[in-house]
Amino acid sequence: MIKRREFLSLSASAIAASTLIPRPSISKTDQPSSQSTDISSLRIFPAIGICRVGGSRQWFYAPEIPGLPPEDRDHYKDGTSLVKKQVQRFRIYAYDKNNNVIGEITSNEADITWGTHLANTKAAWYEFYNPLDNGKLAPPIPGKKRNRQIKLKQQRERELVVNPGLVEITGTNTNAAGKESKYQCVDEFMQSQQIKLGHLQTDRNGRLLVFPGDGISISPTGQKITSFADNDEWIDDWCDGPIFARVRLKSNGKTIQAEHAWVACAGPNFAPEITPIVTLHDLIQGLNISQGWSESSNLVSFRRDIYPILRRLDMMRWVSEAALLRQGWVDIGSINSEEALQTLADNSRTSQSARNRIFTNIRTPAHLRKSNHATNEGVLPWMKGDGVNYPDGPMDMFSVTEEQYLNLKRWAEGEFVNDYQTIQQETIKTFNDIPIAQQPQALNQAALEACSGGAFHPGVELTYNLRHPTIYQRYYNKQSEPFRIALGNRRSLSQDLGPELTSTILHQGFNDEPSPIAQQMPGDLTRWMGIPWQCDAFSCQIVDTQSDFPTATWWPANVPIDVLPEHFFERANDPNLSRSERMLFASQRKRWSRRVAGVGYHANQGYWDGIENMISLWQRMGFIVRRSPTLLDTQQLADISGDFFVETGRGLVDLPSPSDKNRP
């Protein structure tokens, strides 16, 4: 391993811009749609949808094509101070008696009444210290109740649960301005603070649009921030809950209740085109395969199973300095050009050494290792894992899923299909290009592909409860499809599972209360996350250790760490500068959280100041978006041609620390 100072003589290949254009991570198959018009069931998709909070009234649609980011020409911000909302659109698909897709049902075919029950139950939940399901690999640490000064169950439900109840909407283009009161999801916290969790609209085809809240976090009593995850008398507007649809078919007047879906409202994805190495879709699909709910393909597909991982590994260099300078501590060769990818897609012995070089540098998942020793040196991904409380343990660092790892192993051995396509060969460019039979599962994948599949401490959007089969409807009904959350029927949204939440209670429940990872109620998915949300999202940036390089990160694809500032990108394209000066600017990275007073890692006053500042400043942070150089002279551009991913839309972040405000 070489030292950081030796990188002063970096080769141009270490800073070359990206040439990998985003492409769909699915391909058209021969799976036919149903030839019947006899509807046996209706189902809502995506089965799990994701909204993202923003303070702007402007918005954009959540992704609907796997592999492609959401589209927004303003780079996801309303100026430099407000973040646009990501809105989840829900569709209904008809199935025949043989479980084949007939097609989408819209207002042309039916009168649709949508219903949504959102809730935020974070303040009535339990403290988070680490996941309770990793056993001896990372022993669980029980958590006590949040806000345990409020003891009576009825009082906790009344004061700590934000529960607007069921909100219904019907018709086309209903509540188009978003202001009609009957479509707002609003309730009080601590019987004093009104909290808006979102609102509903429909589009011109009668599809449901779920809008998230503004990303607001507040303490009605003015409490200070004292924890990265558990702050009493605080509330935010993250939420989740089921989506219902009652459908009256115009053809025969028959009314059918569609199979429900779920929606979760989380924080912004600040690098929308840079996908996490392990996504929430990867995690749940791995569970589906292990449970026998989805078939594991006999053949590893380079396009479906390998290319996405390679692209994600490459794209980390735009959000992490450790990944940018990866050649200094792990050599996996070139993976960021069409030529390199065509070599890696070759399943002959000619390319085996190139494939092996990558595979041998991928961290083995803890459950596949022959021993429980940590495997941390010189392997990917260089990210912290579930077991960060146990620095020398097998789960201290993050790993790919078992399914991903086994696919990579077979790929390295040449046991895969070379089905790679160049960007010119792509046939899917819009959602309507996806065959009808593939559209429902494409919506599932697109919604979850941008979400982090770990490390769960507690995570970015959602957390480790989603890796348990008992949360899904398929566990209780073999006819149900994977990904659909099981809907519970508890009397209360607030669960009393005793004074502490333990590993045993996690699986077995407590007294008359069911397990918290059994059938779910509104608010059950997001209650595990930090409160307020900004504290965990922005406290978990980097982990400084005695070794200054490489620096481990948490979730760089969603909450960036080291970025190329827009000003540096402009200098790299300045024709008045020399080639060496421009290359120097192109190779730089600055901390994404720079100049935010107090952001750090250690639990001192500056640390608490920093994450409290982020409650006010999060909307001023920049998004990482694709930019193309403006210089036209290819000789002048030399080794910095191609697209860059640049921090844009950053606002002013200089504010005094909260502790300074209280000084005389």
Side-chain angles (χ1 to χ4, degrees), residues 28-49 61 64 87-117 165-176 180 182-183 200-210 241-263 293 430-447 472-474 476-487 489 519:
K28 293 182 178 180
T29 69
D30 295 329
Q31 179 184 355
S33 56
S34 175
Q35 299 302 307
S36 171
T37 58
D38 188 9
I39 296 174
S40 176
S41 64
L42 299 175
R43 305 171 191 176
I44 304 171
F45 290 91
I48 305 174
Y61 284 118
E64 292 187 323
V87 173
Q88 182 65 66
R89 173 164 49 189
F90 287 92
R91 303 170 185 245
I92 298 172
Y93 282 83
Y95 284 73
D96 66 18
K97 63 180 180 180
N98 296 317
N99 208 32
N100 295 316
V101 181
I102 297 174
E104 186 183 0
I105 299 296
T106 68
S107 58
N108 293 326
E109 295 81 27
D111 297 318
I112 305 170
T113 300
W114 296 93
T116 303
H117 188 171
L166 180 67
V167 177
E168 292 189 327
I169 190 169
T170 189
T172 59
N173 293 319
T174 305
N175 193 28
E180 295 184 47
K182 63 180 178 179
Y183 304 119
L200 308 183
Q201 296 180 201
T202 60
D203 70 7
R204 61 188 178 89
N205 293 301
R207 303 182 184 110
L208 176 67
L209 310 182
V210 179
I243 304 292
F244 306 104
R246 188 172 62 255
V247 182
R248 183 181 179 276
L249 299 173
K250 293 180 179 179
S251 60
N252 57 17
K254 184 178 180 180
T255 297
I256 303 175
Q257 188 73 32
E259 292 184 30
H260 71 274
W262 213 272
V263 68
W293 299 345
T430 69
F431 183 77
N432 289 332
D433 293 331
I434 302 174
I436 290 291
Q438 292 180 260
Q439 288 181 6
Q441 294 308 318
L443 290 170
N444 282 344
Q445 184 174 343
Y472 299 96
Q473 187 66 24
R474 183 62 178 269
Y476 308 94
N477 179 2
K478 292 183 180 180
Q479 302 305 313
S480 186
E481 65 212 347
F483 292 100
R484 208 165 291 281
I485 300 294
L487 180 61
N489 59 358
Q519 293 101 326

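Heavy-atom basis, side chains included; hydrogens, waters and symmetry copies ignored.
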message: Among Thr255, Ile44, Ile105, Thr113, exactly one meets side-chain contact (heavy atoms from CB on, under 4.5 Å) together with Val247. Which residue is that?
response: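 Per the side-chain contact (heavy atoms from CB on, under 4.5 Å) rule, the option paired with Val247 is Ile105, out of Thr255, Ile44, Ile105, Thr113.
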
Taking all atoms of both residues into account, what is the closest heavy-atom pair of [X] and [Y], and its distance?
X      : Y      : value
Ser107 : Arg204 : OG-O, 3.9 Å
Trp293 : Pro482 : O-CG, 3.8 Å
Val210 : Ile243 : CG2-CD1, 4.1 Å
Phe244 : Gln257 : CB-NE2, 4.0 Å
Pro242 : Leu487 : CG-CD1, 4.0 Å
Asn444 : Gln441 : ND2-OE1, 3.0 Å

State the [atom1]-[atom2] distance between [X] and [Y], to the nearest 0.5 angstrom.
X      : Y      : atom1 : atom2 : result
Glu259 : Ser480 : CD    : OG    : 5.5 Å
Leu200 : Thr170 : CG    : OG1   : 12.0 Å
Phe483 : Gln445 : CZ    : CD    : 8.0 Å
Thr202 : Tyr183 : OG1   : OH    : 8.0 Å
Gln35  : Asp96  : CD    : CG    : 10.0 Å
Leu42  : Ile92  : CG    : CD1   : 6.5 Å

Phe45 vs Arg484, side chain to side chain contact (heavy atoms under 4.5 Å, CB included): CA-CA, chis, key distance, verdict: CA-CA 9 Å; Phe45 290 91; Arg484 208 165 291 281; 3.4 Å; yes

field: Asn252 atom CG, neighbour heavy-atom count above 12 within 6.0 Å
entry: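 More than 12 heavy atoms, drawn from other residues, nucleotides or ligands, come within 6.0 Å of this atom.
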
task: Decide if atom NZ of Lys250 counts as having more than 12 heavy atoms of other residues, nucleotides or ligands within a radius under 6.0 Å.
output: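 More than 12 within 6.0 Å, yes.
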
message: Pairing donors with acceptors under 3.5 angstrom, does anything connect the side chains of Tyr93 and Gln439?
response: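 There is such a pair (donor and acceptor under 3.5 Å, judged by atom type) between the side chains of Tyr93 and Gln439.
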
Counting only N and O atoms by type, is there a donor-acceptor contact under 3.5 Å from the side chain of [X] to the main-chain atoms of [Y]?
X      : Y      : result
Asn205 : Arg207 : no
Asp203 : Gly206 : yes
His260 : Ile485 : yes
Gln438 : Pro435 : no
Asn98  : Asn100 : no

message: For a side chain to side chain contact (heavy atoms under 4.5 Å, CB included) check, start with the C-alpha distance between Leu166 and Thr116, then their side-chain angles and the critical distance, and finish with the verdict.
response: CA-CA 6 Å; Leu166 180 67; Thr116 303; 5.7 Å; no

Does the side chain of [Y] come within less than 4.5 Å of [X]'s, by heavy atoms?
X      : Y      : answer
Leu209 : Trp114 : no
Val101 : Pro440 : yes
Glu168 : Lys182 : no

- prompt: Cation-pi between Arg43 and Tyr95: NZ/CZ under 6.0 Å from ring centre and within 45° of the ring axis?
  reply: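 Verdict for Tyr95: a cation-pi partner in Arg43.
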
- prompt: Are Ile39 and Ile102 close enough, and set up right, to give a side chain to side chain contact (heavy atoms under 4.5 Å, CB included), and what steps lead you there?
  reply: CA-CA 8 Å; Ile39 296 174; Ile102 297 174; 4.0 Å; yes

- request: Let me see the working for Phe431 and Leu443 under side chain to side chain contact (heavy atoms under 4.5 Å, CB included), right down to the final yes or no.
  value: CA-CA 9 Å; Phe431 183 77; Leu443 290 170; 3.5 Å; yes

query: Is there a salt bridge (charged side-chain N to carboxylate O under 4.0 Å, His left out) between Lys97 and Asp38 once you walk through the steps?
result: CA-CA 8 Å; Lys97 63 180 180 180; Asp38 188 9; over 6 Å; no

message: Looking at Glu481 and Arg474, is there a salt bridge between them, counting it only when a charged N and a carboxylate O are closer than 4.0 Å?
response: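 Between Glu481 and Arg474 there is no salt bridge, as every charged N stays at least 4.0 Å from the carboxylate O atoms.
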
message: Looking at Arg91 and Glu64, is there a salt bridge between them, counting it only when a charged N and a carboxylate O are closer than 4.0 Å?
response: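 Salt bridge: yes.
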
